[in-house]
J.: 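Before I ask anything, here is the structure I am working with.
Whatever order the structure lists ligands and atoms in, that order sets their numbers, starting from 1. Numbers here are sequence positions counted from 1.
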Amino acid sequence: MSEDKKGSKVYFSRDFDKLLHKLEEANEFNLLKDNVGIKLHFGEEGCVTFLNPKVAKAVYEEVSSQGKKASFIECNVLYKGSRTTKQDHINTAIKHGFGFAPIDILDGEKGEASLEIPVEDGLVSSAKVGKGITKYDSLVVLSHFKGHIAAGFGGAFKNLGMGLGSRAGKLHMHSDISPHIDREKCNACMTCINNCDVNAISLVDGKAKIDDEKCIGCAMCIAVCPQKAVRIPWGGSTNEELQKKIIDYSHALIDYFKGNLLYINVLQNITEECDCMGKKQEPITGDIGFLASRDPVALEQASLDLVEKQMKGGFDKINNASNSVQVDYAAQKGLGKKDYFLV
Ligand code: SF4
Ligand code: SF4
C-alpha cells in the first residue's frame with residue numbers, strides 16, 4: 001500500500017458521516033452537476049447483505065442539500081428474479097428500505113430501452129446501456145464491495161459497467177452467443193415469439209427455437225418467458241473477458257459523463273458472492289469501513305488492499321477469477337491510477 005503522496009487521493013473512514021463531512025470539506029461534490037444519478041444495487045429478494053439503505057440515505061441527503069436533483073438509478077437484471085421488470089424492481093427496492101428517494105429504472109419496463117454508446121479501444125466497440133442515462137449529467141457510484149463468482153470482486157466498476165448495462169448490454173458482457181431454449185421446460189405458449197422484434201424465434205416440433213443468425217441479443221425472451229425456459233448462456237465470455245467488458249462499459253460511461261463521477265465503496269457485510277444472489281450469505285470478514293475517490297482505479301485498488309490485508313491474502317482465492325484483471329485493465333485504459341494515498 002502506498003504511504004507517500006504519490007498517486008490518487010482515496011478517502012477512508014470507519015464512520016460514514018465523517019467520510020461525507022471530509023468530502024464536503026474538500027469540495028469533492030463540486031464535480032456533480034444539476035441532475036445526479038446515484039447508482040446503487042438494491043439487492044435481490046432473499047439477499048440480506050446488500051448496501052445499507054442508511055448509507056444511501058445519507059448520500060441522497062448530502063447531494064440534495066447542495067441544491068442538486070438526485071435519484072437512485074439502476075437497470076433491470078438479465079435473469080428471472082425480483083428485479084427483472086421495472087415495477088418488480090422498484091417494489092424490491094422499496095421492500096429493502098430504499099423508498100425514501102426517487103427510483104429510476106433506466107432501461108424501461110422489461111429492459112427494452114437500450115442506448116448504444118461508443119467504447120474507445122476496447123474488447124467491445126460499443127456499450128448498450130439504459131437509455132435513461134440521458135436524463136443525468138453526473139453520477140455518484142455508490143457500491144457495496146463484495147466477491148463475485150466470475151468477476152472476482154464487485155466494486156465500483158461492476159456497479160457502474162455491468163449495473164448500467166441494459167438487459168441487452170448485460171447479455172453482451174456475459175456472452176457472445178445467443179440464449180437457447182430448454183425444450184423440457186417450454187410449453188409453446190408463444191410469449192417469446194410474440195415479443196421478439198426480429199422474429200428470431202419460431203416453433204419447431206412443438207417447442208420454441210431461437211435462430212442464432214437472426215438473434216440480436218436483446219434478451220427480451222429471457223425476461224418474458226413464464227416457464228424460465230430461455231437459458232442465459234453464462235460462460236459465453238471467459239471470466240477475464242467478462243471483467244474486461246465490464247471495464248469497457250465503465251469506460252464508455254465515464255466518457256459519456258465527461259468524468260463527472262464520484263465513487264464511494266462500502267466495505268461492510270463483505271460476502272463471497274454478489275447481491276444478485278437471492279439467498280442469505282454470511283460475511284467472510286469483518287466490516288472495514290468506507291472509501292471514496294474521484295479515481296475509480298485507485299478506489300478499487302485501495303478497497304482490495306484493505307480487504308486482502310484483513311483476510312491475509314484470502315480474498316483473491318474465494319472465486320475462480322483473479323482480482324487484478326479489472327484494475328490492471330482499467331489502469332491500462334487510462335481510467336485511473338493504481339497508486340494512491342489514503343486520507
Ligand atoms: S415463452 Fe418460454 S414457454 Fe413460451 S414458447 Fe417461449 S420458451 Fe416456450
Ligand atoms: S435475445 Fe432478443 S433477438 Fe434474440 S431471440 Fe431473444 S428476443 Fe429474439
J.: Please identify which atoms of ligand 2 are closer than 4.0 Å to at least one heavy atom of Val198.
T.: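 Close to Val198: 3 (S).
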
J.: Using a strict 4.0 Å cut-off to heavy atoms of Ala219, name the atoms of ligand 2 that fall inside it.
T.: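 With Ala219 as reference, the close atoms of ligand 2 come out as 1 (S), 2 (Fe).
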
J.: Could you identify the single nearest non-hydrogen protein atom to atom 8 (Fe) of ligand 2 and state the distance to 0.1 Å?
T.: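 Checked against all protein heavy atoms, atom 8 (Fe) of ligand 2 sits closest to Cys196 SG, 2.3 Å.
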
J.: Run Asn239 and Gln243 through side-chain hydrogen bond (donor to acceptor under 3.5 Å, both in side chains) and show every step you take.
T.: CA-CA 6 Å; Asn239 289 348; Gln243 291 173 80; over 6 Å; no

J.: Which atoms of ligand 2 have any heavy atom of Ile201 under 4.0 Å away?
T.: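 Those of ligand 2 that fall under 4.0 Å from Ile201 are 5 (S).
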
J.: Would you say Lys22 has more than 12 foreign heavy atoms packed within less than 6.0 Å of its NZ?
T.: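 No, not enclosed.
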
J.: Suppose we measure from atom 3 (S) of ligand 1 to each protein heavy atom; which comes out shortest, and what is that distance?
T.: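 I find the closest protein heavy atom is Asn187 OD1, 3.3 Å.
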
J.: Can we say Lys68 and Asp34 salt-bridge, meaning some charged N sits less than 4.0 Å from an Asp/Glu carboxylate O?
T.: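 Salt bridge: no.
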
J.: Tell me the contacting part of Ile216 for ligand 2: side chain, backbone, both, or neither, using a 4.0 Å heavy-atom threshold, strictly below.
T.: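 Looking at Ile216 and ligand 2, atoms from backbone and side chain both fall under 4.0 Å.
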
J.: Looking only at side-chain N and O atoms, does Asn159 offer a donor or acceptor that is under 3.5 Å from a partner on Ser143?
T.: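 Ser143 vs Asn159: donor-acceptor pair found between side chains.
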
J.: So which of Cys192, Cys221, Cys186 gets nearest to atom 1 (S) of ligand 1, if we judge by its closest heavy atom?
T.: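 Closest candidate by heavy-atom distance is Cys192.
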
J.: Examine all N, O or S atoms of Cys215, backbone included, and report whether one is under 2.8 Å from atom 4 (Fe) of ligand 2.
T.: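 Checking Cys215: at least one N, O or S atom is under 2.8 Å.
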
J.: With heavy atoms under 4.0 Å as the rule, classify the contact between Met190 and ligand 1 as side chain, backbone, both or neither.
T.: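 Within the 4.0 Å criterion, Met190 contacts ligand 1 through backbone atoms alone.
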
J.: Note the single closest protein heavy atom to atom 4 (Fe) of ligand 1, along with its residue, its atom name and the distance in Å.
T.: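 Closest protein heavy atom to atom 4 (Fe) of ligand 1: Cys189 SG, 2.3 Å.
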
J.: Starting from atom 2 (Fe) of ligand 2, what is the nearest protein heavy atom, named by residue and atom, and what distance separates them?
T.: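 It is Cys218 SG, 2.4 Å.
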
J.: Salt bridge or not for Asp328 and Lys338, using N-O below 4.0 Å?
T.: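 Salt bridge between Asp328 and Lys338, a charged N being under 4.0 Å from a carboxylate O: yes.
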
J.: Could Glu44 and Arg83 be called an ion pair, given the rule that one side-chain N must be under 4.0 Å from one carboxylate O?
T.: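 Answer for the salt bridge query: yes.
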
